[in-house]
Amino acid sequence: MSWAGPEDVYLSTSLASYLDSKFFLFDLDFPEKLLVLLRDGRKLLGTLRSFDQFANAVLEGACERVIVGELYCDIPLGLYVIRGENVVLIGELDLEKEELPPNMTRVSAAEIKRAQKAEREADNLKGTMKKRMDFLDMD
């Protein structure tokens, strides 16, 4: 019986293939800032420190970017472990380009929470109004 050697190891996920082409497989000395979109809609920014074949990833200096209308806030999270099954998209950020359009305004965490709450209440009101009008059958 022969054992598989290092040349037989095949990383099957697209994340591993992408990252393998961008970095030396186990030497992540090059700081690459990534944007990770999660299944629940959250957007995380951070520096990739580790990953595995299941797309589990570790971000250093991670923050959650919350955007409401033209307001945004980066909520610091620190070292963050992401389970691979929750990852929808991973993209490299270009540090040379401006990250956000100029019309976006940075606000505090408390202010963005208030804006999220107001947006959620407006969506709930819109939903209840639509339910009340269902009897009209506009189709």
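As a basis for the values below, the full set of heavy atoms in this structure was taken, side chains included, without hydrogen atoms, waters or symmetry mates.
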Worksheet item: Taking atom OG of S108 and atom CZ of R114, what is their separation to the nearest 0.5 Å?
Response: 6.0 Å
Item to complete: Any chance you could measure E111, atom CD, to R106, atom CZ, to the nearest 0.5 Å?
Response: 12.5 Å
Practice prompt. Could you pull out the closest heavy-atom pair between C63 and P76, with the gap in Å?
Written response: CB-CA, 4.0 Å
Practice prompt. Following the transitive rule for hydrophobic clusters with a side-chain heavy-atom cut-off under 4.5 Å over Ile, Leu, Val, Met, Phe, Trp and Tyr, establish whether L71 and V66 coincide in one cluster.
Written response: yes
Worksheet item: Is there a donor-acceptor pair closer than 3.5 Å between any side-chain N or O of N56 and the backbone N or O of G84?
Response: yes
Fill in: CZ on R42 to CG on L77, rounded to 0.5 Å
8.0 Å
Worksheet item: Atom CD in E85, atom CZ in F54: separation rounded to 0.5 Å?
Response: 11.5 Å
Worksheet item: What's the shortest heavy-atom distance between K43 and L37, and which atoms?
Response: CG-CD1, 3.8 Å
Response to the item:
Nearest heavy-atom approach of E60 to R49 is OE1-NE, 2.6 Å
Worksheet item: Are Y80 and V87 co-members of a hydrophobic cluster defined by side-chain heavy atoms under 4.5 Å apart?
Response: yes
Practice prompt. Please examine the side chains of D40 and N86, heavy atoms only from C-beta on, and report whether any two atoms are closer than 4.5 Å.
Written response: no
Worksheet item: Going from CG on L45 to CG on L34, what distance comes out if it is rounded to the nearest 0.5 angstrom?
Response: 9.0 Å
Worksheet item: With hydrophobic residues grouped by side-chain heavy-atom distances under 4.5 Å, do I75 and V107 end up in a single group?
Response: yes
Worksheet item: With side chains defined as the heavy atoms from C-beta onward, is the minimum distance between M104 and I67 less than 4.5 Å?
Response: yes
Item to complete: Identify whether L35 and L38 are in the same connected component of the hydrophobic contact network (ILVMFWY, side-chain heavy atoms under 4.5 Å).
Response: no
Practice prompt. Hey, could you give me the CG/CD distance between N124 and E119, rounded to the nearest 0.5 Å?
Written response: 11.0 Å
